[in-house]
Protein chains: 2
Amino acid sequence: MSRIITDLKEKISSGQSVAGTRLPSEAALTRTYSVSRTVVREAIAVLRAEGLVEARKGSGVFVLDAVEPPRQPFADLDIDRVASAIELLELRSAVEIRSAGLAAARRSALQLEVLIGLHRGLAKRVAAGEPTRDADFEFHYAIAEATQNQRFAEFLSAIRPGIVPRTVLGQDAADPKLKAPNPHLVEEHEQILDAIMDGDPAAAEAAMKAHLDNSLARYRAFLRNPEG
Amino acid sequence: MSRIITDLKEKISSGQSVAGTRLPSEAALTRTYSVSRTVVREAIAVLRAEGLVEARKGSGVFVLDAVEPPRQPFADLDIDRVASAIELLELRSAVEIRSAGLAAARRSALQLEVLIGLHRGLAKRVAAGEPTRDADFEFHYAIAEATQNQRFAEFLSAIRPGIVPRTVLGQDAADPKLKAPNPHLVEEHEQILDAIMDGDPAAAEAAMKAHLDNSLARYRAFLRNPEG
DNA sequence: GCCGAAAATTCATCATACGTATTGACGCAA
DNA sequence: TTGCGTCAATACGTATGATGAATTTTCGGC
């Protein structure tokens, strides 16, 4: 069944069937795929539900113009391509540096407590030699939340797939060199946190810039010398 | 047919059927909706294709955990809410200021020409009293492209719906006061363009900051005194 | 109470049939 | 030749019955 759906979709998206084209009739599909009409109809029902085709009774099934679904931004990142990671980091820096500054100026007492808690948790993980990617992200996310502008947090959520790679079942294709934790992670976060505690936007921005520039430098070093 | 699909979807999403719940059997659905098995099966085929349910032969059709489809970021903006526009502008500033700086440092000769052309076009529109929203966006977009980092342009594309409101057929709900063009638009763009031409990142960032701060100020003024 | 076989249930697919809408061909008249 | 009406062929929508395969339930024997 899924074979038929896949096949028909392929024919549609590959442009073999432009908008307005008529699909083969149910009877014809029955013959070409050697299945019953039930199966053919269920396959077409799926295509219809997805808005790919339109069935006109007595006439046939017709391909509709593909309404380009709004593409998920930042979803095409090839996390294994270092250049791609650098691109995203550059964009992220722009946002996060401002984010740190705004957080220093606006954070609530409660948000400050959350940040401190997250920072301690991350320090513990580092000390224990556990993975830090998620905890790291949470710290940055909490800073974005402390800006009191939800768009900053929303931005981080949107690019998260490009920051925190989904480990593929059993094997992670990312280069282990790149996964080595930043040795100064805790100190750098500490300086950001201190500046936010002090309510010093300039210092917070500087600390965040230093933190992200450090990552950028590590990526670039890897690009220059992948074996190093 | 669509009635059954809608109904079943509603039952699933409304939480009446949590993950693991069994849907009524085909025979039962046939009775409750007074349709044939054909129709019921086609409806279920659609739900299956959408990953909402899983059919186990001999056992039944079971609801799956709803895999939260990745929400389109920045798509929930209520452009008529000034506070929402301010939020987005604040985020956008962080990106665009850096964007201007990078563009000044990296723009190619061709990109510079494009920028100059777009700027002239915008100036003409202003002189002619024509709408400038799209041309304005294009100028900013071209700057993002001149960073040589596609993520900056991608970011602008993603938030565009929140910047350039789609005028609803016949009537635009946005307040006319907010739609009044920035009286210094051309001059401000000119300063940004000059800095990019000069290859002066600091000046470009300052000019972009001034430009966006101006918008921000106008929004805030409107918030304080909507009638002004 | 436990176990295993039989029965009932349920989805997957096939085949046939009827209704309705559309299309195209044919024939007839102007 | 052109235009029009009728009718048959085609195609989708739905209904129904039957078979197969996998699972669940029931129930009898121990």
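Numbered from 1 within each chain, the chains take letters A, B, ... in sequence-line order. Worth saying up front: this structure is predicted, and the values here are computed from it rather than measured.
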Item to check | Interatomic distance, A:Phe155 atom CZ to A:Asn149 atom CG [nearest 0.5 angstrom] | outcome: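 Those atoms lie 12.5 Å apart.
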
Item to check | Distance (rounded to the nearest 0.5 Å) between A:Leu193 CG and A:Ile143 CD1 | outcome: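 Rounded to the nearest 0.5 Å, the CG-CD1 separation comes out at 7.5 Å.
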
Nearest-Å distance for atom pair [atom1]/[atom2], residues [X] and [N]:
X	N	atom1	atom2	answer
A:Arg3	C:dA12	CZ	P	17 Å
A:Glu42	C:dC11	CD	P	12 Å
A:Ile44	D:dT14	CD1	C1'	15 Å
B:Glu54	C:dT10	CD	P	17 Å
A:Glu26	C:dC18	CD	P	18 Å
A:Leu23	D:dT10	CG	C1'	16 Å
B:Lys57	D:dA22	NZ	P	5 Å
B:Leu29	D:dT14	CG	P	15 Å

Checklist entry - Under 30°, 30 to 60°, or over 60°: which ring-plane class applies to B:His189 and B:His119, parallel, tilted or perpendicular? => result tilted

Item to check | A:Arg220 with A:Glu90: basic N within carboxylate O range, under 4.0 Å | outcome: yes

Checklist entry - Could A:Arg3 and A:Tyr33 be counted as a cation-pi pair, given that NZ or CZ must be under 6.0 Å from the ring centre and within 45° of the axis? => result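 No, A:Arg3 does not lie over the aromatic ring of A:Tyr33.
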
Checklist entry - Looking across every strand, which nucleic acid part, if any, lies under 4.0 Å from B:Thr38 by heavy atom: base, sugar-phosphate, or nothing? => result base

Checklist entry - Touch check for B:Arg37, heavy atoms < 4.0 angstrom, all strands: base, sugar-phosphate only, or nothing? => result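 If one applies the 4.0 Å heavy-atom cut-off, B:Arg37 turns out to touch a base.
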
Next on the checklist: Checking contacts here: which listed nucleotide (D:dA15, D:dC12, C:dA12) is nearest the side-chain heavy atoms of B:Arg41?
Outcome noted: C:dA12

Item to check | Closest-nucleotide 5' rank along DNA chain C - winner of A:Gly58 and B:Ala55 | outcome: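 Upstream on the strand: B:Ala55.
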
Item to check | 5' precedence on DNA chain C between A:Val39 and A:Ser59 (nearest-nucleotide basis) | outcome: A:Val39

Item to check | Residue-phosphate contact under 4.0 Å: A:Arg22 side-chain N/O, C:dT22 OP1/OP2 | outcome: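 Answer no for this pair, as no side-chain N or O of A:Arg22 is under 4.0 Å from OP1 or OP2.
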
Item to check | Contact under 4.0 Å: A:Ser36 side-chain N or O vs C:dT13 OP1/OP2 | outcome: no

